[in-house]
Amino acid sequence: MDIYLEREKRRVMVRHTGTGAALLKKLCINPETVLIIRSDSVVPLKSKLSDNDSVRIIPVISGG
Amino acid sequence: MDYVEDTIHNTIASRCLFSRDDRIGVGCSGGKDSTVLLSVLMKLGYNVTALAVDEGIAGYRDASLASLKEYCASNRLPLKTLSFAEVSGITLDAHAAVKKPACTGCGKMRRHLLNRLGHGFDAVAVGHNLDDEAQGILMNLLRNQIAKLSATGPVAGITEVAGFVRRVKPLYFVTEKQVMAYAVLIGLPVSFDECPYARYSYRAQVRDALNDLEAVQAGAKRRIVEWFMRVKPKLMEAMKKEAGAPISADQVSEFLRASGVNA
């Protein structure tokens, strides 16, 4: 799976077929702090992702 | 999308924040919360003007304010701005070089300048979301600042004071995550950047702790806010006599003193 991490501004490739929540767990990211975006839509944590997907992980925390 | 808009609409109506006849100044930074607030209030038919405070944070605020100016221009929205430098002669960057963490002084100055910008408006709406409020409640509890705690809520302050514009929070029951999801769904031009000074703040520590807690106790933040809303009337009553003075012109002198400038 092609993953772009918006805060770090870097791309990583991870083998993953499963839910969005499982992906974030694999990446050690607190699901409270990010959204998973696929084709400009928000992916619910319980939705399934496939290895062919390309997603962006964007930080929820911004500003301040 | 409907959930966010309905929640904002219900908060405005049920808490009597303002009406469609009112002139509303919206405290804007170009970040997601205030831009979503501005966008929804426009959509709901309110008479809004964007109000922006430029703290003077190189490489951060200049970029978000440029984005805000573009948004306002493309939506034909009036925008009023005021900077720390205009009012005090120094930027937050200069202040932070002397005083760290800079967030306390910055927050007071921002509220002070926003209040100045808000003169002539019936209310100033700010983009504080449910996460911000849960953090604020916990921060005040942990520091035993009960008077400050009682002054927070969808309508800030305990009593109405002449010269101070009502400050209201229509996003009070919308989570930070819902705000960001809404921004993405309607394609708002939102910066993902975080204030370079915020990461060192007490608020950031509480925010991270609450996010860790939320990950294992879903709904924890909402329950903190709901608990507070239940006890707030009693707290307000108890604290009315003890509440300190609201943010005043003295904030500029205080900011300058903390920056090492003789005011």
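Throughout, a chain's letter reflects where its sequence line sits, starting with A, and its residues are numbered from 1.
Annotation: ring-ring contact (aromatic ring centres under 6.0 Å, His included) contacts of His95(B) (sequence neighbours excluded): Phe255(B).
Neither the backbone nor the side chain of Asp132(B) comes within less than 4.5 Å of any heavy atom in chain A. In this structure, no portion of Arg203(B) lies under 4.5 Å from any heavy atom of chain A.
Met180(B) approaches Val60(A) most closely through the heavy-atom pair CE-O, 4.0 Å. Taking each heavy atom of Leu45(A) and Lys177(B) in turn, the nearest pair found is CD1-NZ, 4.0 Å.
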Show every donor-acceptor pair shorter than 3.5 Å between a side-chain atom in residues 32-41 of chain A and any protein atom, with sequence neighbours excluded, or say none if there are none.
| residue | atom | partner | partner atom | Å |
| --- | --- | --- | --- | --- |
| Glu32(A) | OE1 | Lys221(B) | NZ | 2.8 |
| Thr33(A) | OG1 | Asn30(A) | O | 2.7 |
| Arg38(A) | NH1 | Asp53(A) | OD2 | 3.0 |

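For Glu70(B), the CD atom counts as loosely surrounded, since its 6.0 Å shell holds 12 or fewer non-hydrogen atoms of other residues, nucleotides or ligands. Lys46(A) NZ: 12 or fewer foreign heavy atoms inside a 6.0 Å radius.
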